[in-house]
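Notes follow the structure.
Keep in mind that the numbers below use all heavy atoms, side chains included, and drop hydrogens, waters and symmetry copies. Throughout, residue positions are numbered sequentially from 1 according to the sequence presented.
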Amino acid sequence: MSVCEGPCNRVWRQGRETFVAALTAWEETTPDERGDRPIPPDVIPTPGEPVWCRGCAGSIRRALADLDNLAPLVAATSDGYRTRADDSDRVRTSQTAPSPSPAADVLDELYGYLSRIEAQWREARGYGARPERSRGAPALTIVVSWLGAHLDNILADPGSVGFGQSVLRWQRHLQTLAKARPEGRRKPVPCPRCDRRTLVHEIDRDLVRCEAADCGRVMSTDEYDAIVADRTQRAAS
Ligand SMILES: [Zn+2]
Ligand SMILES: [Zn+2]
């Protein structure tokens, strides 16, 4: 049976690790000294179908889409981030000049990683080479949606273990970076201009603003409420 490599089996993996460590320690003690032989943990792992279970495949799909939603929020952190690094790390990093924008570096690394995955999958499947695209926010959106369109097939491939785990790790990483900035309350409805989940309610100014650096749509809370009402009505009809 192949076991799902996703977060659903974390407890099972930890239990197995603890057991192996205990068993190794037990085998290294002399028969006079040692107590009972450790018992393997009684946890049944979730099987992969064939690589990931359905729940973890869904988590990876949501995480991949979330990378595109989180990227503009992380990009918007550039300034605050830079100021803090200048204040606290001045002495320690005086030898190496800090990057002008750590957030941009992180997003560039993410883009590079996802592009490599797209290129590998194209080659494995005999699709043509990746078209030349300029880097930046639209390019990230394109590579995320390309991978999303092929995700079912990618995740059915035994070679997708590292990729799936990386996507989940990248999501956590971007969530942490996006949280590092002072933030209003995230809104669940996508921005009417750029269609990403980047709207934030700025409580002190009582307006709703798109955090995406390349969009920046601002609206009153009444306007936002009207969009919600309109969406609800369309979904119901
Ligand atoms: Zn799973
Ligand atoms: Zn927007």
Side-chain angles (χ1 to χ4, degrees), residues 1-74 77 102-103 106-107 109-118 120-121 124 140 143-181 183 185-188 196-198:
M1 182 191 68
S2 101
V3 166
C4 174
E5 299 283 348
C8 69
N9 284 324
R10 195 171 290 144
V11 172
W12 173 77
R13 275 191 292 269
Q14 276 165 0
R16 215 173 44 155
E17 243 171 49
T18 310
F19 167 68
V20 169
L23 188 65
T24 310
W26 182 83
E27 282 166 345
E28 280 167 359
T29 32
T30 60
D32 310 338
E33 287 171 326
R34 65 193 178 192
D36 292 341
R37 193 175 195 276
I39 304 162
D42 188 20
V43 181
I44 297 166
T46 314
E49 303 176 24
V51 183
W52 307 92
C53 74
R54 216 166 291 189
C56 289
S59 301
I60 294 166
R61 177 172 290 284
R62 283 190 297 278
L64 180 67
D66 214 19
L67 297 182
D68 193 30
N69 294 326
L70 288 163
L73 304 182
V74 171
T77 65
V106 167
L107 295 177
E109 191 190 331
L110 170 63
Y111 174 73
Y113 172 69
L114 295 177
S115 307
R116 281 196 300 280
I117 297 293
E118 180 187 335
Q120 282 167 11
W121 190 248
L140 184 69
V143 70
V144 163
S145 76
W146 193 93
L147 291 171
H150 295 83
L151 196 62
D152 285 342
N153 288 327
I154 294 174
L155 293 185
D157 191 282
S160 69
V161 172
F163 169 67
Q165 289 168 346
S166 286
V167 168
L168 294 170
R169 255 200 312 273
W170 268 109
Q171 181 194 31
R172 284 197 299 276
H173 187 45
L174 294 195
Q175 279 169 341
T176 309
L177 291 178
K179 258 188 235 138
R181 72 188 302 273
E183 214 190 337
R185 198 173 295 140
R186 281 280 288 280
K187 289 288 191 185
R196 284 174 291 198
R197 290 176 206 283
T198 41

Check your understanding: What closest approach, in Å, do Tyr113 and Phe163 show between heavy atoms, and which atom pair accounts for it?
Key -> OH-CA, 3.4 Å
Review point. Tell me, do Val3 and Trp12 make a side-chain contact under 4.5 Å, heavy atoms counted?
Key: yes
Review point. Is Leu174 close to Leu73 at the side-chain level, that is, under 4.5 Å between some pair of heavy atoms?
Key: no
Revision key, fill the gap. Closest heavy-atom pair, Thr46 versus Asn9, reported as atoms and distance to 0.1 Å, is N-OD1, 2.8 Å
Extract all donor-acceptor atom pairs below 3.5 Å that involve side chains of residues 146-157 and protein atoms in other chains or at least two apart in sequence.
residue, atom, partner, partner atom, Å
His150, ND1, Trp146, O, 2.9
Asp152, OD1, Arg61, NH2, 3.0
Asp157, OD1, Gly159, N, 2.7

Check your understanding: For Arg196, which residues count as a side-chain hydrogen bond (donor to acceptor under 3.5 Å, both in side chains) partner, sequence neighbours excluded?
Key -> Asp214
Exercise for review: Please round to the nearest 0.5 Å and tell me the distance separating atom CD of Glu28 and atom CZ of Arg34.
Suggested key: 10.5 Å
Check your understanding: Is the number of heavy atoms from other residues, nucleotides or ligands under 6.0 Å of Arg54 CZ greater than 12?
Key -> no
Review point. Taking all atoms of both residues into account, what is the closest heavy-atom pair of Pro7 and Leu168, and its distance?
Key: CD-CD1, 3.7 Å
Review point. How long is the span from the CG atom in Leu64 to the OG atom in Ser166, to the nearest 0.5 Å?
Key: 12.0 Å
Exercise for review: Might you work through the side chain to side chain contact (heavy atoms under 4.5 Å, CB included) test for Leu110 and His173, ending with a clear yes or no?
Suggested key: CA-CA 11 Å; Leu110 170 63; His173 187 45; over 6 Å; no
Practice item. Please determine, by modelled atom types, if Ser160 and Trp52 share a side-chain donor-acceptor pair under 3.5 angstrom. Key: yes
Check your understanding: Arg116: what forms a salt bridge (Lys or Arg N to Asp or Glu O under 4.0 Å) with it, not counting sequence neighbours?
Key -> none
Check your understanding: In Å, rounded to the nearest 0.5 Å, how long is the span from OG1 of Thr198 to CZ of Arg186?
Key -> 7.5 Å
Check your understanding: Can you tell me how far CD of Gln175 sits from CG of Asn69, rounded to the nearest 0.5 angstrom?
Key -> 10.5 Å
Review point. About how many Å separate CZ of Phe19 and CH2 of Trp26, when rounded to the nearest 0.5 Å?
Key: 10.0 Å
**Study point:** Distance-minimising heavy-atom pair for Ala63 and Gln171
**Key:** CB-OE1, 3.3 Å
**Study point:** Qualifying residue, where the test is side-chain contact (heavy atoms from CB on, under 4.5 Å) with Cys4 and the options are Pro45, Pro47, Cys53, Pro50
**Key:** Cys53
Exercise for review: Quick one: pull up CD1 in Ile60 and CD in Glu5 and give me the separation to the nearest 0.5 Å.
Suggested key: 10.0 Å
